[in-house]
Amino acid sequence: MAEVSWKTSTVHNVLWHSFDEEHLFYNVGSSDTHLLTNTAKEILDLLSKRSLTLSGLANELGLVKDNFESNFTAELESLLIQLKTIHLVEATQP
Amino acid sequence: MKVSSFSNQQLFENIKSTGINLSTGHFVTKVKSPIKSVADGIATMYRDYAVNLEADFADFHIEVRPPSNLRRIIRPQVMFYVDRFTPFKPLGIDQAFPFFEWGLNWCVTTHTNTHLLIHAAVVERNGFALIMPGDPGSGKSTLCAALVNNGWRLLSDELTLVSLSDCSISPLPRPVSLKNDSIEVIRGFCPEAFIGRVALDTLKGTVAHMRAPAEDVCRSAEVAHPAWVVFPKYINQAKLSFSPLSKGEGAIRLIQNSFNYSILNDKGFTAVTRLIDQSDCYAFEYSVLADAIEHFSELADDKSDTLRMA
């Protein structure tokens, strides 16, 4: 079965502000504000350019295969689901 | 002309007939009331504030008066009107002055969109503002009252006004609201503080107001610049604890304490991020006021020393 792809939600007009390793995201349309980690910000940056599968995203994030196959897969997926919950990313069926 | 320029009787007559325009920092409020305790409260708690009897403009038009029904006679009540609209249910007449105070807070929180408005006490020392957001019961007003009587300038005990253009803090020095045990705590800790009449059995428990220092009222046009955002929490018997927060967490907690962040939209976001960029953020737990005061005084003096050396 083909892997699910992930992409950023179609949100226009967003603002970012970075404090060291934390990033404040603001959706001008809804006034929703979220505090994101470096990894979450990096994921959103990558997914805003093109949709990626979990493995594709892991590769783009520069994760070595050993790490990728360990807990990180689950952590990355969990992070994507959290980002989906707050409507920043969405899953697309292949 | 100041409130203290009038005798209590003259002030009452003016408030009762045409009303007075009371200047409190950034706002002018037209107050009208036939209730003597409202005039007496204004005479004692606002004696150092500017008043104008003939000004054309006021930000808020407030009237505090009994309802026009039989409740005037049986267990008399008081109503709060702003622009002839009454946003609250009536209260007992003995709560007339606290009602005026709470109502005026409500006016500011619901009508101010020229500034980012945060539910926070704010005080200033050496030009730097210490912003203390907190839920009711967190001890922010008690801490604020104690700081104000120990070398800090009162900007507000309840409402922090942040400029949308440069993030400066505009003073809104008004009487400091003390509740329940904090009334006696401040009487004991700051014997020189003037605390007005105690109102019992209000919606907020026992309530009294501490008069803002005259000098702080005079300096109400003088803005301050944010330096610290501290989330205080009074915990009985707790040891003093001052824990740094990341700026991100400070920003989120500040937003949670803002009244109009969402309304201001991108301007609110920009104001919050600018304010946090300029500030150090902390969580603060305390039980002994003297320790808290000493800690904050050292914090302010260290910052001034650092800047002098730089």
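Side chains are part of it too, since the values below use all heavy atoms of this structure and drop only hydrogens, waters and symmetry mates. Every chain is numbered from 1 and lettered A, B, ... according to where its sequence line falls, protein lines coming before strand lines.
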Mind running side-chain contact (heavy atoms from CB on, under 4.5 Å) on A/Thr53 and A/Trp6 for me, showing each step along the way?
CA-CA 6 Å; A/Thr53 62; A/Trp6 294 87; over 6 Å; no
Closest heavy-atom pair and its distance - B/Phe231, B/Pro133
CE2-CG, 3.6 Å
Electrostatic pair A/Glu60:A/Arg50 at N-O distance under 4.0 angstrom:
yes
Any side-chain heavy atom of A/Leu57 sitting closer than 4.5 Å to one from A/Ile43?
yes
At what distance, to the nearest 0.5 angstrom, does CG of B/Leu264 lie from CG of B/Leu116?
6.0 Å
I'd like a table of all donor-acceptor pairs linking chain A to chain B (distance under 3.5 Å, no angle check), giving the atom names and the distance to one decimal.
unit_1, atom_1, unit_2, atom_2, d
A/His17, NE2, B/Asp277, OD1, 3.3
A/His17, NE2, B/Asp277, OD2, 2.8
A/Glu22, OE1, B/Ser246, OG, 2.9
A/Glu22, OE1, B/Gly248, N, 2.9
A/Glu22, OE2, B/Ser246, OG, 2.8
A/Tyr26, OH, B/Asn265, O, 3.4
A/Tyr26, OH, B/Asn265, OD1, 3.2
A/Val28, O, B/Asn265, ND2, 3.3
A/Ser31, OG, B/Ser262, O, 3.4
A/Thr33, OG1, B/Tyr261, OH, 2.6

Determine, stepwise, if the pair B/Ile276 / B/Leu254 fulfils side-chain contact (heavy atoms from CB on, under 4.5 Å).
CA-CA 9 Å; B/Ile276 293 291; B/Leu254 196 73; 4.1 Å; yes
